[in-house]
Amino acid sequence: MESSSPPNEVVNSSKQACLEINLEDLPLDPGLRTRIWDYHPNVRDQVRRAYLQKGPFQPRNHSFPQRNLSGGPRRFIPAWFDEFPTWLEYSVAQDAAYCFCCYLFKPNTGEQAGSDSFVGKGFSNWKKKSERLQGHVGGPMSAHNQAWSNCKAFSKQIEAQTEYKTLLGASVSCMRFLLRQGLLFYGDDEYEDSNNQGMFADLLRLRCNYDEDIKAVTLNNAPLTLKLTSSDTQKDIEIAISTEIINAIVRDIGDSLFSILIDEFHDMSSQDQMAIVLRFVDKGHVIECYLGIVQATDDTAVSLKGAIDDFFSTHGLSMAKLRGQGYGGTSNMQGELNNLKTLIVKANECAFYVHCFAHDLHSTLIAMSKNHLEIVDLFTWVAKVVNVVGEFVECRDTLREKHDVLVFEALNTSELLSEQGLNEGSSKFKTLISLFTMFSSVIDVLEVIAEFGLDSEQKSKARVLLGPLQSFGFIFSLHMMINILRITDGLSQALQKNDQDIVNAMNLVRVCKEQLQVMKESGWDSLLNEVSSFCQKHEIEVHNMDDRFLTRGKKRDQVITNMHYYCVELFCTVIDMQIQELNVRFTEINTGLLLCVACLNPSDSFSAFDKQKLICLAQYYPNDFATLDLMILEDQLEKYIMDMRSSIEFSGLNGIADLAQKMAETKKDSVFPLVYLLLTLALILPVATPRVDRVFSALNIVKNRLRNRMEDERMKDRLIPYIETDILDSIDDEVIMQRFQNMKNRPCQL
């Protein structure tokens, strides 16, 4: 609060240059203080507030010195503090009296009401105490009384601000807790007499029960227009918290290189979203941070690229710093995401795509196979079998009466009825195996359910399933997918191991591609024999391959045989889908890149070290390694490997992440900066990260069925603090409150 602005104030840059002051270091002695008008206007009120909280300086126990004045020795009398308790103060350094309120608020207008002695050099003529002290106070409109009025008004403002800060701090702490836990804020009815005002109101009320200071200024004790409990206030606090977290992440990234992890998904409101996670290296540690959700105008690659460009621009990120990209495996927009990779590489040739080993490759391959309707039908019928049989098996007493309990016990302990049976790709593979090995038992159970089901609906479901399951098409698809997934199962499991061997993993990729190609070229006859033998065993009609293929639904323009449909349109097509997907995920470029990265592995005394491959790795990044850098790198690598193998500190390391951290700890990153840059680039690649999957799990918690209409921005603001809890914990409430305060005009100031 400024009582008045000094006319013709000349700003002294030497006195006002510093905008930041340490309020704890302000001198208490009035004779040692800096004039209030010599502080910069931006900090002047902070100084006033600090002094008002401390009050006038009145050293009552001081031994006040005597001085010889006309009429005899005189000194300051401590009783004068009682006569003028609100404004009189004494300087030990100057042995003089000062006016507290005039120091803080007297206008800088020259000498009035006892001149400037009570503000500048101080009053020390103790003989004229009564005349000068009363004279300083003056009449109602004196400079002193005006300063005193401003002082009281400012004190009331401080009190209001203190109460407001307490109230806002309580609301922020409650919101912080609820956001951290992903909990719902609102109740069915938020009026004061409601029994269900929501978790926010309940938590705030709980805080009041344990803190009298908060209780005195919140809920019923808060002004009607300043309760800070409305949904708009809660939304603003959400935004303030998420904004500060994002700012902290962007500050941490700074000018570092990073990679981006993206996956498209449908939330519970069936909206297409893209979750974005950034991955970078800080002092050898790999950091992954969820930064938000974006939504493109449509599902085209150009639109997706535009949405990412806008996202980068909003957060001050540069596409030139991008060094890797990774995508989820079961996206509905997989084709467009593949095109998006190409567009990003065109914008930045060093933004290499690599398959994230943590993603279930089987899920990806199965999702790709489902582009064929026969495979969609296969998994649809299997899912229905699991549901129908699973429901009926729970009724143990009924089953014992109707059928051999051993059949049901066998079913109940198999992968077919496990809770994860139809979730991940490997579990789906095991479910198909279980159905294959227990086919007769499954048919028996379905027949029992069709006759003795709990109700007509359950009987009908079982009866409907018996037809498709005992068809040649279903049996053919079942055998074909088992044979395909058997080839890729080892690769999928190897990629998801914690102790990944990149070289062997890349070899497995090559072997899988070759096996699938061999299956396509020479595996038809053996597959058909397997299917025919299985059908004959279970009394299922076997199609004559030379007969005309009978289509379901709309008739084909061209007549084809069963041989053409099952061999060419189904068998070869699905295998080609698998090979194509493996080729997309493991290209010649990223395979070569990963094989070079493997040479950085410090295991077994750096046995994988290969200088030429590491130089080749640097050549993948022309933006980071110029021609001269490559020459220097060659020399650094020779010194580096000798140093590493001879140092006990670097023995027993398990991976390049451990190596990078140890180099940062021992300052070797400064000794071998180009080698450390290679390590950084290798760690940036999203080879092993389940972070995006965790984002989706968090999204299902935050945006559940009760909140599936939550707008995108609101969901983003809630997801960020729920996922990035460590960063949330590092941000002080004061920072969040200041962000909240600066968002718009508030009825009170901090």
Side-chain angles (χ1 to χ4, degrees), residues 259 279 281 283-286 323-324 352 354-358 361 490-514 586-621 624-625 629-689:
S259 63
R279 178 182 172 106
V281 176
K283 297 179 181 178
H285 294 270
V286 177
R323 290 297 180 271
F352 295 105
V354 294
H355 170 74
C356 176
F357 288 7
L361 184 63
L491 173 61
S492 181
Q493 293 186 38
L495 292 178
Q496 290 185 285
K497 288 182 178 179
N498 291 328
D499 53 341
Q500 291 162 350
D501 184 341
I502 294 179
V503 175
N504 284 332
M506 294 302 100
N507 286 334
L508 279 175
V509 171
R510 176 183 55 79
V511 170
C512 281
K513 292 179 183 180
E514 293 175 355
F586 303 97
T587 65
E588 182 178 349
I589 292 177
N590 62 28
T591 299
L593 179 68
L594 292 175
L595 289 174
C596 290
V597 166
C599 296
L600 290 167
N601 194 332
S603 300
D604 299 326
S605 298
F606 296 82
S607 60
F609 178 82
D610 187 318
K611 185 177 74 172
Q612 293 307 316
K613 284 188 177 181
L614 291 178
I615 293 174
C616 180
L617 174 61
Q619 291 172 342
Y620 277 95
Y621 298 95
D624 303 300
F625 291 90
D629 293 327
L630 293 174
M631 296 173 62
I632 298 173
L633 174 63
E634 185 171 2
D635 181 63
Q636 275 193 21
L637 285 170
E638 292 179 357
K639 293 182 172 65
Y640 156 81
I641 193 60
M642 292 178 64
D643 189 2
M644 296 297 104
R645 285 174 173 168
S646 63
S647 175
I648 192 171
E649 290 181 296
F650 289 86
S651 62
L653 299 179
N654 294 322
I656 61 174
D658 289 348
L659 174 59
Q661 292 170 26
K662 183 61 70 174
M663 287 189 70
E665 291 173 8
T666 57
K667 309 300 182 184
K668 296 290 186 181
D669 56 331
S670 300
V671 179
F672 307 110
L674 294 180
V675 178
Y676 184 75
L677 178 56
L678 283 179
L679 280 170
T680 299
L681 291 167
L683 289 172
I684 285 172
L685 292 173
V687 175
T689 170

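Note that these values count all heavy atoms, side chains included, but never hydrogens, waters or copies made by symmetry.
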Problem - Distance in Å, Ile615 CD1 paired with Met631 CE, rounded so as to fall on 0.5 Å steps - result: 11.0 Å
Practice task
Could you grab the distance from atom CZ of Phe672 to atom NZ of Lys639, nearest 0.5 Å is fine?
Solution key: 8.5 Å
Problem - Heavy-atom closest contact (Gly324 atom, Leu685 atom, distance) - result: CA-CD2, 4.5 Å
Exercise for the section: Output every pair passing side-chain hydrogen bond (donor to acceptor under 3.5 Å, both in side chains) with a member in residues 602-618, not counting sequence neighbours, ordered by first then second residue. Expected result: Asn601-Ser603, Lys611-Glu638
Problem - Minimum-distance pair of heavy atoms, taken over all atoms of Asp624 and Asp629 - result: O-OD2, 3.9 Å
Handout entry: Set of residues satisfying ring-ring contact (aromatic ring centres under 6.0 Å, His included) with respect to Tyr676, sequence neighbours excluded
Key = none
Fill in the blank from the handout: Closest heavy-atom pair, Asp643 versus Lys668, reported as atoms and distance to 0.1 Å, is OD2-NZ, 2.8 Å
Handout entry: Euclidean distance, Leu683 CG relative to Leu678 CG, rounded to 0.5 Å
Key = 11.0 Å
Give every donor-acceptor pair under 3.5 Å between a side-chain atom in residues 648-663 and any protein atom, sequence neighbours left out.
residue	atom	partner	partner atom	Å
Ser651	OG	Ile648	O	2.7
Asp658	OD2	Asn654	N	3.4

Problem - Minimum heavy-atom distance between Leu508 and Gly490, given as atom pair plus value - result: CD1-O, 4.3 Å
Exercise for the section: For the residue pair Leu617 and Leu600, establish whether any side-chain heavy-atom pair is separated by less than 4.5 Å. Expected result: yes
Problem - Set of side chain to side chain contact (heavy atoms under 4.5 Å, CB included) partners for Ile684, sequence neighbours left out - result: Leu257, Ser259, Val281, Arg323, Thr680
Practice task
Give me the ring orientation class for Tyr640 and Phe609: parallel if the planes are under 30° apart, tilted from 30 to 60°, perpendicular past 60°.
Solution key: tilted
Fill in the blank from the handout: Residues at least two apart in sequence or cross-chain that pass side chain to side chain donor-acceptor pair (under 3.5 Å) with Glu514, listed by chain then number, are Arg510
Exercise for the section: Kindly say whether Met642 contributes a backbone atom to a donor-acceptor pair with the side chain of Ser646 at under 3.5 angstrom? Expected result: yes
Taking only distance into account, with no hydrogens and no angle test, what donor-acceptor pairs under 3.5 Å do side-chain atoms of residues 587-598 form with protein atoms, sequence neighbours excluded?
residue	atom	partner	partner atom	Å
Thr587	OG1	Ile589	N	3.4
Thr587	OG1	Asn590	N	3.1
Thr587	OG1	Asn590	OD1	3.3
Thr587	OG1	Asn590	ND2	3.3
Asn590	OD1	Thr587	N	2.9
Asn590	ND2	Tyr353	O	3.1
Asn590	ND2	Arg585	O	3.2
Thr591	OG1	Thr587	O	2.7

Completion exercise
Heavy-atom closest pair (Val354 atom, Pro686 atom, distance to 0.1 Å) is CG2-CD, 3.6 Å
Practice task
Indicate yes or no: at least one non-hydrogen side-chain atom of Leu681 is less than 4.5 angstrom from one of Tyr620.
Solution key: no
Practice task
Could you tell me whether the side chain of Tyr621 reaches within less than 4.5 Å of the side chain of Phe352, counting heavy atoms only?
Solution key: yes
Fill in the blank from the handout: Here the pair of heavy atoms bringing Val675 nearest to Gln636 is N-OE1, 3.6 Å
